[in-house]
Amino acid sequence: MLVAFVVSLVCLAACIVHVVCSYSAKRKERELIEQVTPVTRGEWSERRVVLELLKVGVNPKAIFHDLYIQKPNGEYTQVDLAVATKAGIIVFEVKDYSGWIFGSEYQKYWTQVLSYGKERYRFYNPVMQNSGHIRAIRQCLPQNPGIPIYSVIVFFGNSEFRNITCNADDTFIIYPYSIRRVVSEILEQPDAVFGNKYEIMDLFTKAVQNGDDPMIVASQINSAAYYGRNKPRSAYIVSFSPFFRFGGFYRRRRYY
């Protein structure tokens with residue numbers, strides 16, 4: 001009985017230590033994220049990207065989350081994350097999907113396949129989507145016309161790339177565990193030639209502040225809904241067995 005009692009106490013103590021350590025770690029992560037953005041802003045996956053950037057040593061003042069960039073036509077486009085670095089600007093598009101993902105940089109829509117090929121959904125090409133964000137950013141930076149801007153698309157969730165192709169050297173399509181590696185690779189590039197660094201910081205600071213304006217947020221949501229009104233949303237049953245049996249991964253340097 002005594003032995004059983006001691007074992008129970010040891011197990012209880014171990015559980016308490018585990019809970020305390022877990023709580024402490026989560027509190028530390030929360031404090032890190034709050035250096036950049038409120039933990040209630042944006043999606044969980046976007047805040048995880050913020051955390052990974054901080055852990056790789058990026059200055060929190062150089063990370064901007066949930067930006068609303070005004071385009072020349074007056075409309076707003078929403079950017080998940082933008083980072084100002086010595087090598088240029090990194091623009092993140094964050095997705096949260098499960099299943100198999102198919103697509104190329106030139107296809108307007110990519111495909112998400114679930115249930116071993118029984119369900120198929122289409123969604124707007126994230127490479128094109130982030131290219132639109134980058135184009136809007138460039139249009140707002142007349143004093144930095146040649147600044148390098150890198151596009152990083154991160155897929156969270158239980159997703160698996162299948163035949164994803166993209167040949168652009170400044171575009172990366174990755175899983176979350178490769179965020180630090182890709183950012184480190186970008187930071188190894190030659191230092192960018194800036195025209196006016198303050199122009200970049202002012203643009204991104206104002207873009208984050210735009211996200212606090214309910215009118216701007218509502219306007220962006222309405223614009224996104226309008227342009228996406230013809231986006232296919234239906235799912236249908238298909239048989240993909242032969243395709244998947246012979247299909248394989250097509251990976252380039254920028255897929256991790």
Side-chain angles (χ1 to χ4, degrees), residues 42-53 55-56 77-83 90-135 149-189 224-225 227-256:
E43 301 295 331
W44 169 87
S45 50
E46 296 168 10
R47 297 191 294 274
R48 293 301 303 180
V49 176
V50 170
L51 186 61
E52 291 300 311
L53 291 170
K55 288 182 177 180
V56 83
T77 187
Q78 190 270 340
V79 177
D80 292 335
L81 281 155
V83 185
I90 308 175
V91 179
F92 287 87
E93 175 63 29
V94 183
K95 298 298 182 186
D96 197 342
Y97 291 120
S98 57
W100 292 326
I101 306 297
F102 294 81
S104 78
E105 61 185 309
Y106 303 113
Q107 292 176 312
K108 186 173 183 180
Y109 294 104
W110 285 15
T111 302
Q112 174 197 32
V113 177
L114 301 171
S115 301
Y116 300 99
K118 295 180 179 179
E119 298 178 22
R120 190 170 85 164
Y121 301 86
R122 292 204 291 176
F123 59 98
Y124 186 59
N125 181 339
V127 175
M128 291 183 177
Q129 183 180 7
N130 217 29
S131 293
H133 297 158
I134 291 172
R135 188 162 52 250
I149 302 182
Y150 300 90
S151 175
V152 180
I153 296 99
V154 187
F155 275 83
F156 281 80
N158 186 25
S159 59
E160 182 178 318
F161 299 151
R162 292 284 184 118
N163 292 332
I164 296 293
T165 61
C166 181
N167 296 313
D169 290 333
D170 57 357
T171 299
F172 300 81
I173 305 169
I174 63 174
Y175 298 115
Y177 61 76
S178 294
I179 293 173
R180 299 191 207 181
R181 185 167 150 195
V182 167
V183 171
S184 296
E185 181 178 329
I186 292 173
L187 294 178
E188 290 174 358
Q189 300 303 306
Y227 289 117
R229 66 192 186 284
N230 294 321
K231 176 181 176 181
R233 296 179 181 276
S234 61
Y236 46 93
I237 306 300
V238 293
S239 177
F240 276 179
S241 298
F243 186 75
F244 288 132
R245 186 177 302 121
F246 298 105
F249 288 85
Y250 180 81
R251 295 187 182 225
R252 296 179 61 86
R253 176 185 58 80
R254 61 193 63 80
Y255 309 132
Y256 300 98

Side-chain H-bond candidate by donor/acceptor type, K95 with Q112, under 3.5 Å: no
Identified side chain to side chain contact (heavy atoms under 4.5 Å, CB included) partner of S151 from the options N130, I173, I90: N130
Given I134, I153, L81, V79, the one that forms side chain to side chain contact (heavy atoms under 4.5 Å, CB included) with E93: I153
Please identify each residue that fulfils side-chain contact (heavy atoms from CB on, under 4.5 Å) with [X], with sequence neighbours left out.
X	answer
S184	V56
L187	T85, V183
R135	Q139

Exercise: identify the closest heavy-atom pair between S159 and Y175: O-CE2, 3.5 Å
Shortest non-hydrogen contact from Q189 toward E185: NE2-O, 3.4 Å
E43 atom CD, neighbour heavy-atom count above 12 within 6.0 Å: no
Are any non-hydrogen side-chain atoms of [X] and [Y] less than 4.5 angstrom apart?
X	Y	value
L53	F92	yes
F172	S178	no
K108	N125	no
V49	D80	no

Main-chain N/O of V127 paired with E105 side-chain donor or acceptor, under 3.5 Å: no
Side-chain (W110) to main-chain (S104) donor-acceptor, under 3.5 angstrom: yes
Atom pair [atom1]/[atom2] of [X] and [Y] - distance to nearest 0.5 Å:
X	Y	atom1	atom2	result
F123	T111	CZ	OG1	7.5 Å
I174	F161	CD1	CZ	8.0 Å
E160	I101	CD	CD1	10.0 Å
D96	N158	CG	CG	10.5 Å

Ring centres under 6.0 angstrom apart (Y121, Y97): no
